[in-house]
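By convention here, the first residue in the shown sequence is residue 1. One-based numbering, in listed order, for ligands and for the atoms of each. Hydrogens, waters and symmetry mates are skipped; everything else that's a heavy atom, side chains included, is used.
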Amino acid sequence: MMSMNAAKKVTVDRIDPTDWYVGMKNPSLQLMVYGQNIRDVQDVITDYPGVKVDSIVRLDSPNYLLVYLNLHDAQPGTMTLKLIANGQKQTAKYQLKAREMKGEERQGFDISDVLYLLMPDRFASGRADNDQIAGMNTYKNDRTKPSLRHGGDMEGIRQHLDYFNELGVTALWFTPVLENNSPDNNGFSTYHGYATTDYYKVDPRFGTNEEYRQLIQEAHQKGLKVVMDMIFNHCGFEHPWVKDMPSKDWFNLSDWLKESNGTSDSRNTSFLQTSYKLTPAVDPYASEADMRETVEGWFVSTMPDLNQRNPHLMRYLIQNSIWWIETVGIDGIRMDTYPYAYADAMAQWMKEIDEEYPNFNTVGETWVTEPAYTATWQKDSKLSESNSYLKTVMDFSFFDKLDQAKHEETDAWWKGLNRLYSSFVYDYLYPNPSSVLAFIENHDTDRFLGNGRDSLMLKQALALLLTVRRIPQLYYGTEVMMNGTKEVTDGNVRKDFPGGFAGDTHNCFTKEGRSKAEQGMFNWLSKLLHWRKGNETIIRGYQTQFIPYNGIYVIARRWHRNTVLTVLNGTNAPATMEVSRYAEVIGKTTRVQDIPTGRYYDLSKDLELKPRQSLVLEYILEE
Ligand SMILES: [Ca+2]
Ligand SMILES: [Ca+2]
């Protein structure tokens with residue numbers, strides 16, 4: 001045993017953030033210094049002009065030290081920090097960079113955009129040399145196994161940037177790209193990236209931080225925004241914080257974590273899994289027991305739940321999100337499992353992002369199927385006691401109602417498209433309905449088509465999604481009718497994009513490679529997407545909806561006299577649209593064009609619709 005007085009070896013092994021930026025509105029910077037016995041440091045000194053050491057915070061682990069700096073008057077350059085401990089002096093160099101642009105200049109995604117969600121592992125592989133990375137935890141690349149890695153990467157995405165332009169989407173959202181160095185065994189999959197093991201490093205199987213930065217830069221040159229998926233609720237079991245916990249309250253359930261001795265054994269009786277129920281977060285009658293289970297229970301036993309009430313941890317996470325904005329130039333954030341984290345801490349995060357980047361946007365994953373729940377999470381909601389500052393929430397109600405409607409005939413009251421009509425009624429609850437993100441499928445749901453290929457119903461869903469007062473989000477492959485359900489494995493709704501991988505004989509990146517049905521859907525959708533770009537009626541227009549009648553659901557968007565009329569026959573039989581019923585949005589208009597097909601229709605008489613037909617009619621209202 002070493003005596004208490006003996007000088008222990010002190011090292012500086014790592015500092016997070018890896019570097020930082022001067023000229024931020026908030027001049028404060030937390031450095032998390034990791035190294036052997038670094039807690040023994042008595043003093044931190046720097047003579048770099050404009051930098052002051054505000055405070056030093058010691059945590060429970062001997063190997064962490066937090067140094068809070070104030071960079072108020074600092075210029076870009078490399079500063080030297082001197083850390084004095086046990087009569088020894090350690091020095092660390094730290095780079096302060098100039099910002100590429102002011103925070104106000106960063107423009108987030110909004111209703112004028114269409115997001116395209118893709119999984120980097122499953123979209124396209126541009127390099128084979130990153131499929132196996134030496135020194136990482138055990139994993140396999142095997143494209144025949146839906147739950148293992150398939151080798152997709154940043155370079156694969158980069159090589160197909162023109163494809164997104166051809167399709168007509170304007171923003172890309174990748175599922176998490178940060179390092180997930182968890183072993184691919186015991187049935188635990190890692191390709192999806194939701195178990196972060198390094199908040200400052202892109203997973204090397206996807207590429208380097210520099211490749212990510214270049215990909216975003218090239219996307220910007222092609223008019224495409226990039227949204228980064230982040231997770232503050234939990235990290236991966238292989239994160240260094242798990243084996244050497246910075247402080248006792250770094251994780252929820254940290255006692256269990258210690259008892260389990262770094263192994264994920266959920267049989268331990270003290271383990272608490274989240275109920276996956278988000279109602280306690282908005283329920284005025286919620287019990288503390290339920291609330292605790294929701295927020296402190298772990299998502300799964302391999303993803304330790306972070307305690308965002310620890311202000312030092314939250315500062316680390318807030319800085320991390322700012323660092324990625326500054327370093328790679330993302331245009332938005334999608335926050336995973338938003339309501340599973342502490343609401344006050346998340347609101348503080350959003351408030352700070354809003355102050356630094358007022359035109360940036362973040363969407364929180366708010367997986368509740370009633371608008372009355374979802375709306376409370378949107379910024380400035382009067383329904384909530386405290387402001388979340390979260391600008392964009394996800395409309396799972398739209399997804400859910402559509403999922404039910406697609407199996408039903410639209411009747412005279414509740415069923416079929418009536419469900420969508422009723423869901424939009426609740427828009428009065430949202431402070432800003434134009435900043436609500438809607439989708440028909442994503443990586444966590446069955447594909448819209450299930451195991452079928454019903455293109456008529458898919459067109460109805462897409463026609464609605466792309467014309468209503470929402471930020472639309474597509475999921476990769478919808479445009480070529482990719483299908484699948486989660487029944488056997490999530491991997492079946494996350495299949496490889498055809499043509500993205502070496503040896504693919506089916507190539508959906510080119511017209512020639514697509515089947516007739518795939519090309520038909522691609523064509524129809526891309527016409528709608530290109531038309532939607534910059535369309536003022538869709539971006540700013542008022543929305544008027546009509547109660548479904550004769551099985552037909554009609555929604556109008558109007559901006560001055562410009563009108564877009566979405567007409568959906570929600571039945572499996574022909575139906576007649578009685579034009580006079582819609583006189584207030586049709587007036588004396590006669591000849592109108594259906595955007596995705598280019599066909600003309602005559603509104604001077606009743607419209608005969610085919611089974612499940614969808615029309616997106618655009619015209620200038622004649623009064
Ligand atoms: Ca690869
Ligand atoms: Ca949590």
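- Angle subtended at the Ca ion (ligand 2) by N233 OD1 and Y340 O: 70°, rounded to 10 degrees.
- Checking G151 against the Ca ion (ligand 1), an N/O/S atom falls under the 3.0 Å cut-off.
- A salt bridge does not link E288 with R292: every distance from a Lys NZ or Arg NE/NH1/NH2 to an Asp or Glu carboxylate oxygen is 4.0 Å or more.
- Taking backbone and side chain together, D305 holds an N, O or S atom under 3.0 Å from the Ca ion (ligand 2).
- For the Ca ion (ligand 1), the set of nearby N, O or S atoms under 3.0 Å includes none belonging to E155.
- A salt bridge links K351 and E355; the closest N-O separation between the charged side-chain nitrogens and carboxylate oxygens is under 4.0 Å.
- Among the backbone and side-chain atoms of R205, no N/O/S atom is found under 3.0 Å from the Ca ion (ligand 1).
- Between the side chain of T190 and the backbone N or O of N180, no donor-acceptor pair lies under 3.5 Å.
- No more than 12 heavy atoms of other residues, nucleotides or ligands shown are found within 6.0 angstrom of CD on E100.
- Angle OD1(N130) to the Ca ion (ligand 1) to O(R127), rounded to 10°: 80°.
- A salt bridge does not link K401 with D403: none of the charged nitrogens is closer than 4.0 Å to a carboxylate oxygen.
- For A341, every N, O or S atom stays at 3.0 Å or more from the Ca ion (ligand 2).
- Taking backbone and side chain together, D129 holds no N, O or S atom under 3.0 Å from the Ca ion (ligand 1).
- Nearest N, O or S atom of D153 to the Ca ion (ligand 1): atom OD2.
- In this model, a donor atom of one side chain and an acceptor atom of the other lie less than 3.5 Å apart for E479 and Y163.
- Using a 30° and 60° split on the angle between ring planes, H312 and Y68 fall in the tilted class, from 30° to 60°.
- Nearest N/O/S atom of D131 with respect to the Ca ion (ligand 1) is recorded as OD1.
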